[in-house]
Amino acid sequence: MKASILSLVLLASTHSQAFAGSASIIPSTFTETGIPNSHLVSENVIRGMAPRNKKEMQKLLDLGVEKFLMIKIDTNGDIAREIETLQSLGVAESDMMHLDFPWKDITDYGAFCEMTVDALNMLKNAEAKNQKIYFHCTLGEDRTGYLAGLYKIYRGDNESRKEIFENEMCDKGYEAGNPTKIYSVVKKVRDGLTPAFVEMADLIEKNPGKKLSKSMCKGLVIPKVNFKEYSCKKSKLL
């Protein structure tokens, strides 16, 4: 188990280091945050890049954000620093959740499904209580896009899965939606996150109106993906 966790950390480090100190090229449609690649998924659910400093975290609080969801492996201590800073700004530990979402080479889809269920339910619970929530990975593109797309399906938004994939995921930088993303990264996302998206979308749609539970992750079978249907063209926001 320890070896498996270590391998995920090492694999994620390549992606984190590659983008260290950089910002997503995807322009924000919710510019009030001041954080690159920020967008409203719904009235109270905001997605974006990881906030880069205390000033950006304070801005989120000034906008009324009460909950924070971090979906990335804490390879370089970024999450620990974010949590510490948010706590210094008065955010309670109970109002934050950190989940170790890998972005590539996903081998344990059962555990990945369970993390996805936890994340989706946190978003839905916050919205049900009329609380604003901000969630992010590193650049707000792949893992953030994965979760945002699934959340729109979970909410029952009046959009087709294809529209959600194109508008909520590709246009916000998912895989090749960001044309500067190198192909090796795009392929890893297609091999790992996209099949998980398809399977989780199927799971949600087979249980309309039901609250997701981790028990639904048992026996998860990841499907082969038709990449004529599930691949991104350059973001229309660029």
Side-chain angles (χ1 to χ4, degrees), residues 24 26 28-74 77-103 111-157 164 168-169 172-174 193 197 200 204 209-214 217:
S24 174
I26 306 298
S28 297
T29 57
F30 186 60
T31 57
E32 287 87 341
T33 66
I35 300 172
N37 201 16
S38 292
H39 314 275
L40 286 175
V41 182
S42 64
E43 183 179 359
N44 286 317
V45 177
I46 310 166
R47 57 172 289 183
M49 263 189 63
R52 296 164 293 181
N53 50 53
K54 188 173 185 177
K55 182 179 179 180
E56 291 185 345
M57 295 179 207
Q58 182 62 61
K59 181 63 175 176
L60 291 171
L61 295 176
D62 292 343
L63 289 170
V65 173
E66 299 179 59
K67 303 279 188 178
F68 292 83
L69 172 60
M70 308 126 186
I71 52 170
K72 56 177 281 188
I73 296 172
D74 192 16
D78 296 338
I79 294 298
R81 286 189 290 273
E82 181 177 343
I83 290 172
E84 182 179 2
T85 303
L86 287 170
Q87 287 179 322
S88 76
L89 292 171
V91 179
E93 184 178 352
S94 59
D95 289 327
M96 296 180 274
M97 181 186 287
H98 169 227
L99 296 167
D100 288 319
F101 269 62
W103 68 275
F112 196 74
C113 172
E114 290 182 358
M115 284 193 292
T116 302
V117 168
D118 280 341
L120 289 171
N121 283 332
M122 183 178 185
L123 297 179
K124 198 163 191 178
N125 290 341
E127 190 155 39
K129 295 176 182 177
N130 199 32
Q131 295 175 313
K132 290 190 184 299
I133 183 168
Y134 185 81
F135 73 99
H136 68 83
C137 53
T138 302
L139 294 182
E141 296 181 356
D142 297 315
R143 288 165 289 191
T144 300
Y146 161 86
L147 188 63
L150 289 175
Y151 183 62
K152 296 200 86 169
I153 296 171
Y154 194 25
R155 288 182 81 242
D157 283 15
I164 288 171
E168 191 59 49
M169 297 171 69
K172 275 80 172 183
Y174 187 80
L193 280 176
F197 169 77
M200 291 302 300
I204 294 166
K210 291 184 179 179
K211 182 177 180 179
L212 293 175
S213 69
K214 292 181 181 180
C217 296

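No experiment lies behind these values; they were computed from the predicted model shown.
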Would you call Ser38 and Met49 a side-chain contact if the rule is heavy atoms closer than 4.5 Å?
no

I'd like to know if the side chain of Asn37 and the backbone of Lys172 have a donor-acceptor N/O pair within less than 3.5 Å.
yes

Before you tell me yes or no, could you show the steps for Glu127 and Val45 under side chain to side chain contact (heavy atoms under 4.5 Å, CB included), namely the whole-Å CA-CA distance, both residues' side-chain angles and the distance that decides it to 0.1 Å?
CA-CA 7 Å; Glu127 190 155 39; Val45 177; 4.1 Å; yes

Return the minimal non-hydrogen interatomic distance between Ala126 and Lys67, and the atom names on each side.
CB-CG, 4.3 Å

Using side-chain heavy atoms (C-beta onward) and a distance below 4.5 Å, is Trp103 in contact with Thr138?
no

Is any side-chain heavy atom of Leu89 closer than 4.5 Å to one of Met57?
yes

What is the minimum heavy-atom distance between His39 and Ser28, and which atoms define it?
CE1-CA, 3.9 Å

Check whether Arg155 reaches the backbone of Leu150 with its side chain - one donor and one acceptor, N or O, closer than 3.5 Å.
no

Thr116 side-chain N/O to Leu147 backbone N/O, donor-acceptor pair under 3.5 Å
no

Less than 4.5 Å apart, any side-chain heavy atom of Leu63 and any of Phe30?
yes

Please report the interatomic distance OG1(Thr144) to CZ(Phe135), rounded to the nearest 0.5 Å.
6.0 Å

Correct closest heavy-atom pair for Gly149 and Glu168 would be N-CG, 4.0 Å

Phe101 versus Ile73: any side-chain heavy-atom pair under 4.5 Å?
no

Supply the atom-to-atom distance Ile83 CD1 to Ser88 OG, rounded to the nearest 0.5 angstrom.
12.5 Å

Do the side chains of Asn125 and Met122 get nearer than 4.5 Å, heavy atoms only?
no

4.5 Å side-chain heavy-atom contact, Met70 and Leu86:
yes

Find the distance between CE (Met115) and CG (Leu120) and round it off to the nearest 0.5 Å.
12.0 Å

Roughly how far, to the nearest 0.5 Å, is CG of Leu123 from NZ of Lys152?
13.0 Å

Which atom names give the shortest non-hydrogen contact between Asp74 and Ala80, and what distance separates them?
OD2-N, 3.1 Å

Identify which one of Asp78, Asp142, Asp100 satisfies the salt bridge (Lys or Arg N to Asp or Glu O under 4.0 Å) criterion when paired with Lys72.
Asp78

Any chance the rings of Tyr146 and Phe112 have centres within less than 6.0 Å?
yes

Over 60° means perpendicular and under 30° means parallel, so classify the ring planes of His136 and Tyr134, tilted if in between.
tilted

Return the minimal non-hydrogen interatomic distance between Val117 and Lys214, and the atom names on each side.
CG1-N, 4.0 Å

Atom CG in Asn121, atom CG in Leu212: separation rounded to 0.5 Å?
5.5 Å

So do Arg52 and Pro36 actually touch side chain to side chain, heavy atoms under 4.5 Å?
yes

Quick one: does any side-chain atom of Tyr154 pair with a main-chain N or O of Lys211 as donor and acceptor, under 3.5 Å?
no

Set out, in order, the CA-CA distance, both residues' side-chain angles and the distance that settles side chain to side chain contact (heavy atoms under 4.5 Å, CB included) for Leu61 and Val91, then state yes or no.
CA-CA 9 Å; Leu61 295 176; Val91 179; 3.7 Å; yes

Side chain to side chain contact (heavy atoms under 4.5 Å, CB included) between Ile133 and Ile46, intermediate numbers included:
CA-CA 6 Å; Ile133 183 168; Ile46 310 166; over 6 Å; no

Verdict with supporting geometry, Thr33 and Glu56, side chain to side chain contact (heavy atoms under 4.5 Å, CB included):
CA-CA 7 Å; Thr33 66; Glu56 291 185 345; over 6 Å; no

Look at atom CD of Gln58 and say whether more than 12 heavy atoms of other residues, nucleotides or ligands are closer to it than 6.0 Å.
yes

Does Glu66 come within less than 4.0 Å of Lys132, counting only side-chain N to carboxylate O?
no

Heavy-atom closest contact (Leu99 atom, Met97 atom, distance):
CD1-SD, 3.7 Å

Does the structure place the NZ or CZ of Lys124 under 6.0 Å from the centre of the six-membered ring of Tyr151, at an angle of no more than 45° from the ring's axis?
no

